[in-house]
Amino acid sequence: MVLDVRNVSKDFGRFRALSGVSLQVKEGEVYGFIGPNGAGKTTTIRTILGIYQASEGSVSIFGQDAWQDAVEIHRRIAYVPGDVSLWPNLTGGEVIDLFINLRGGKASDKRDVLIERFKLDPSKKCRTYSKGNRQKVALIAAFATDADLYIFDEPTSGLDPLMERVFHDCVMEVKRAGKSVLLSSHILSEVEKLCDRVAIIREGQIIENGTLDELRHLTRMNVKVKTKMPVSFEGISGVHQVDKIDDYTTFHVDASYLGEVISHLATFDVIDLQSSPPSLEELFMIHYQGETLQKEAGD
């Protein structure tokens, strides 16, 4: 196991920012860590990096303690935060070289290729850079090093869609090289494209984790059907939010009832039937809307 976080809690005075957070990142996988701003993503990552010491629980990276062995561990980690601060009087190229040298590496052709891919002018002073260009400097420095674990905390903040695509390509390249990636984001489409497994964090607690297929199994399928005869779902379990759009009937069905519902639809002479799993965004909203509804019911 590359990263093993077990029952981590973090208190700031009387405020508990994290409560029993557990997640594991395997070798060669991209692990998505999602939640809205303030849910605890950055606090978890800072605890993983040894910036914060956990109030309870443990963090192991490469089999070593994240706090006691932080210096040795960081030689094998590349980290990019969501808001990069750089030395204003250095050029972007100088900062990239500094980061590479701090890790014991040296400038290489890979650095120059990444500068070209991210369309960065390395001769400009960092004080002239926009937020997006500051992110590019950090991303280039990270991907130019031969790390074993890449940790990204909202890494595409400030990047335009073209540069987001370059970032996605770089993530898949390090994955193919057998490296591991922990990607924290609130951009659900980004996580859905890149990640093998996902953890959803809410108010400092992991509320769901697994592969996207495993998470989708816990919720409803989207179905769109066109039939010769009008459809009725009277007496049929597991069907929700039935609607009529032009000649089609749309609805959601609990995964465990899908076979039964399709057999029922066949009695109405199906002309066309389309089904799709819920998107990551739909899974995410189910969890958060459910929490909101529970709170409103309790008020």
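This is a predicted model, so every value here is computed, not measured.
Looking at H240, its side chain never comes within 3.5 Å of a backbone N or O of D254 through a donor-acceptor pair. Side chain of S275 to main chain of N222: no donor-acceptor pair is present (N/O by atom type, distance under 3.5 Å, no hydrogens or angles). At distances below 3.5 Å, at least one donor-acceptor pair connects side-chain atoms of S9 with backbone N or O atoms of G20. For the pair E94 (side chain) and T91 (backbone), a donor-acceptor distance under 3.5 Å is present. With hydrogens and angles ignored, the 3.5 Å screen pairs no side-chain donor or acceptor of T43 with any backbone N or O of G40. Here the side chain of D246 pairs no donor or acceptor atom with the backbone of Y248 at under 3.5 angstrom. Side-chain N or O atoms of R76 include none that pairs as donor or acceptor with a backbone N or O of I61 at under 3.5 Å. A donor-acceptor contact shorter than 3.5 Å is absent between the side chain of T145 and the backbone of I100.
When side chains are defined from C-beta on, L159 counts as touching L139, because their heavy atoms get closer than 4.5 Å. Between F118 and N133, every side-chain heavy-atom pair lies at or beyond the 4.5 Å cut-off.
Atom CD1 of I271 and atom CE of M229 lie 10.0 Å apart (nearest 0.5 Å). The structure places OG1 of T156 at 8.0 Å from CD of Q135, a figure rounded to the nearest 0.5 Å. The NE2 atom of H252 sits 9.5 Å away from the CG atom of D243 when rounded to the nearest 0.5 Å.
Between K110 and E173 there is no salt bridge, since no side-chain nitrogen of the basic residue lies less than 4.0 Å from a carboxylate oxygen of the acidic one. Classification of D272 and K224 as a salt-bridged pair fails, no side-chain N sitting under 4.0 Å from a carboxylate O. Of the charged side-chain nitrogens involved, none lies within less than 4.0 Å of a carboxylate oxygen, so that D153 and R46 do not count as a salt-bridged pair. A salt bridge does not link K26 to D196: none of the charged nitrogens lies less than 4.0 Å from a carboxylate oxygen.
Note that K41 lies outside the cation-pi zone of F33, set by a 6.0 Å cut-off to the ring centre and a 45° limit from the axis.
Surrounding CD of E27 are at most 12 heavy atoms belonging to other residues, nucleotides or ligands under 6.0 Å away.
A salt bridge (charged side-chain N to carboxylate O under 4.0 Å, His left out) with E56 is found for exactly one of K10, R16, R6, namely R16.
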